[in-house]
Asker: 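Sharing a structure here in structure tokens format.
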Amino acid sequence: MWASEDKAMREFDEKSITQAVIERLSDCKDARFKRVMTSLVTHLHDFVRDVQLTEEEWMNAIQFLTAVGQACTPKRQEFILLSDTLGVSVLVITLNHRAVNATTESTVMGPFYWEGAPERPLGANLAEGVKGEPAFYSGRVLDADGKPIKGATLDIWSGDGEGAYDMQMGDEVGMRARGKIRTDEQGRYWFRSIRPTYYPVPTDGPVGAMLRKMGRHPNRPGHIHMIVSAPGHEPITTHLFVADSPYLDSDAVFGMKESLVAKFNKHPAGKAPTGENMDVQFYTVEYDFKLRRAAKAA
Ligand SMILES: [Fe+2]
């Protein structure tokens, strides 16, 4: 009897293997980690059984994940791109940042955030020397009751008018089309940048190969990124999408939200809202951000 019980504990079939792995977590002290790993093992095993994974496919998966890791550099995060293109990033964001009472929705951070963008004065041109049609952005940052927040920070980053980000241009380029802007006493912000265009996510790595094999296009609709934050409020990582951009209905990273679509109003050459004289046509965009109060510290 003892022998058969021992055998039962040592050898596993295609079903009992799952419970066996979960039982090895019995001494895990971190309850949350235990729950996450238990669920991960359950779903991973179910997935392998569901598709009846072959050894060749298993090896392909190992090689793919290895290549994803090897494609990462301090300026390129292929794993975030993988998460983005599989809809995992936006799912995590949606679960953790439910927009209530018409507060601004969050969306994916994407792979091109670069910490430490310089603080610029209100009205600054963040896109000096950057290709693209000029666009003047303005609006307010409000609290959940609609009251303006002074000193709120917008940490802004954008690709250029051809959809390329500074981080894709080589080390000598440095930061471009980035900057931090703070709201004034009335919670207002304004700055100049460019009207962003649609662009493909990087396709020269393993995630690009995956997209091609899936029969998917790699494009994201035109958007400008920002993290909007203020003391006592939950920061939001979000975008403004260009209202008439291609690919709004098939964003490669599933980040599109209707509430974040902004109209870019076209103006002929002439006086810009900042008072400067423009010799080319330009756009104006207005958008108010509404922040949720931060949850009280426990
Ligand atoms: Fe982007």
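All residue numbers in this chain count up from 1 along the given sequence. Order of listing sets the numbers, starting from 1, for every ligand and every atom in it.
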Asker: Check whether more than 12 heavy atoms from other residues, nucleotides or ligands sit under 6.0 Å from atom NZ of K131, and answer yes or no.
Answerer: no

Asker: Between Y165 and the Fe ion (ligand 1), is there a contact where an N/O/S atom of the residue lies under 2.8 Å from the metal?
Answerer: yes

Asker: Looking only at N, O or S atoms, which one in H223 sits nearest to the Fe ion (ligand 1)?
Answerer: NE2

Asker: Can you name the N, O or S atom of H225 that is closest to the Fe ion (ligand 1)?
Answerer: NE2

Asker: CD of E258: more than 12 outside heavy atoms within 6.0 angstrom?
Answerer: no

Asker: Could you tell me whether the side chain of T104 and the main chain of F289 form a donor-acceptor pair under 3.5 Å?
Answerer: no

Asker: Could you check whether the rings of H239 and H225 sit parallel, tilted or perpendicular, using 30° and 60° as the cut-offs?
Answerer: perpendicular

